[in-house]
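To start, the structure itself, in structure tokens.
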Amino acid sequence: MSMELRQLRYFVAVAEHLGFGRAAKHLHLAQQSLSQQIGALERDLGVRLFDRDTRGTRLTDAGRVFLPEARAVLARADAAAAVARRAGRGEIGRLDLAFLTSTANYMLPPVVKALRERFPGLELTTHNVPIDELVAGLRDGRFDAGFTRPPLVPDLATRVLTTEPVCAVLPTGHPLAGRAELRLADLADEDWVLSPRGSWPPWHDKYDRDFAAAGFTPRVVQRADGAANLLGLVAAGVGVTRLARSANSIRRGGVVFVPLAGDRADTVVAWPPDRDGPARRNLLDVAADLAATGDLTRWG
């Protein structure tokens, strides 16, 4: 059977207009061509769908039974086409988003909220992960995009979303805690708590350059993964550390954030450029809009 969707549309048009002439005019089709297509459909089905005589055109019993089925097939085809078009525009589908642990508190809620409002057909899965897992997941395709901090790796594309001060994080009561601003060199004699050197080498290479420019090598007394753990060590008086100001969104007591002069940190959205798609492009547009309105910098 070689029945085509266009033949079903022609059949429904003739049935609804109760005549080949009126249906042909509605379809912007020559009446002879319409008659030929209906004849071909009838031959494929092996039944007559219309009785045609001097009194007009009427559905046969078979045609009356066939009409609702034809309409259902056409409706389903139209729905399938609409779904395909929505998928092509990135309005439906799936996005796996990775958030660096230190950015998830303040960045995940507005991103997910805006995506759900603008593209309710998108299925979103979020992952709160350390930097090495985020980069590996972007590279191997587990994640479609990641919200993180540079420096990253050359094979990932990035777009800067926010730039914020980097702060010295001091225990409450520290002699420098009341200062409005500090220089990194002011902390040369302090004990430091930092993340493990192996947690993400590109970050630590940058830290080394920054400390060298300030004229000292930090005296690291303890290392810990994640901003929350570093804040806990500072609050316990183990040492000082250096974090982007948004880390105060974790809201651990017993610490004070003091901006470091000239020290800034970017937050970026990162993605593998060789695996582009409309849903990811929509995500990037949403993230850019949120950044422009300041909705990604409301960390308290």
Side-chain angles (χ1 to χ4, degrees), residues 3-13 16 27 67-131 133-150 152-153 155-162 266-299:
M3 181 173 58
E4 301 176 3
L5 285 177
R6 63 172 179 158
Q7 292 174 328
L8 294 182
R9 295 191 192 281
Y10 294 166
F11 162 71
V12 170
E16 290 178 346
L27 293 168
L67 180 59
E69 301 299 328
R71 284 172 171 156
V73 170
L74 292 173
R76 188 70 187 92
D78 289 342
V83 167
R85 286 190 288 268
R86 291 183 65 201
R89 295 191 298 265
E91 297 173 0
I92 59 175
R94 175 188 174 95
L95 281 174
D96 279 279
L97 307 180
F99 290 81
L100 185 67
T101 302
S102 62
T103 69
N105 276 2
Y106 67 93
M107 194 156 283
L108 187 152
V111 168
V112 171
K113 182 174 185 291
L115 280 170
R116 287 175 60 84
E117 288 175 350
R118 196 177 302 184
F119 304 106
L122 277 177
E123 179 186 350
L124 302 176
T125 304
T126 61
H127 309 264
N128 185 340
V129 293
I131 179 64
E133 184 178 342
L134 184 148
V135 170
L138 289 175
R139 282 173 149 175
D140 66 22
R142 282 178 292 146
F143 306 141
D144 295 296
F147 293 80
T148 184
R149 297 193 189 280
L152 296 175
V153 286
D155 57 330
L156 293 179
T158 61
R159 179 185 295 177
V160 175
L161 298 176
T162 66
D266 293 334
T267 300
V268 302
V269 57
W271 68 97
D274 60 336
R275 292 193 298 275
D276 194 15
R280 183 187 288 113
R281 292 195 293 272
N282 288 339
L283 163 67
L284 296 178
D285 290 343
V286 166
D289 290 345
L290 290 172
T293 59
D295 288 334
L296 297 181
T297 55
R298 295 175 181 171
W299 48 69

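All residue numbers refer to positions in the sequence shown, counting from 1.
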Could you give the distance from [atom1] ([X]) to [atom2] ([Y]), rounded to the nearest 0.5 Å?
X: W271; Y: T158; atom1: CH2; atom2: OG1; value: 6.5 Å
X: L122; Y: R94; atom1: CG; atom2: CZ; value: 11.5 Å
X: D295; Y: L161; atom1: CG; atom2: CG; value: 12.0 Å
X: L296; Y: L290; atom1: CG; atom2: CG; value: 5.0 Å
X: R89; Y: R85; atom1: CZ; atom2: CZ; value: 7.5 Å
X: H127; Y: L97; atom1: NE2; atom2: CG; value: 7.5 Å

Residues D289 and R118 bridged, charged N to O under 4.0 Å
yes
Taking [X] for its side chain and [Y] for its backbone only, find out whether a donor-acceptor pair lies under 3.5 Å.
X: E133; Y: P130; result: no
X: D140; Y: R142; result: yes
X: T101; Y: V129; result: yes
X: T103; Y: F147; result: yes
X: D144; Y: D96; result: yes
X: R159; Y: L284; result: yes

Closest non-hydrogen atom pair between [X] and [Y], with its separation:
X: E91; Y: N282; value: N-ND2, 4.0 Å
X: P273; Y: L156; value: CD-CA, 4.2 Å
X: V73; Y: L5; value: CG1-CD2, 3.9 Å
X: P272; Y: L138; value: CG-O, 3.5 Å
X: P109; Y: A104; value: CD-O, 3.5 Å

Counting only heavy atoms not in R116, do more than 12 sit closer than 6.0 Å to its CZ atom?
no
Are more than 12 heavy atoms, taken from residues, nucleotides or ligands other than R76, located less than 6.0 Å from that residue's CZ atom?
no
Evaluate side chain to side chain contact (heavy atoms under 4.5 Å, CB included) for L283 paired with L115, printing each intermediate quantity in order.
CA-CA 7 Å; L283 163 67; L115 280 170; 3.6 Å; yes
Let me see the working for T267 and Y106 under side chain to side chain contact (heavy atoms under 4.5 Å, CB included), right down to the final yes or no.
CA-CA 11 Å; T267 300; Y106 67 93; 3.3 Å; yes
Are the side chains of V268 and L152 in touch, meaning some heavy atoms are under 4.5 Å apart?
yes
Evaluate the side-chain proximity of L134 to F99: yes if any heavy-atom separation is below 4.5 Å, no if none is.
no
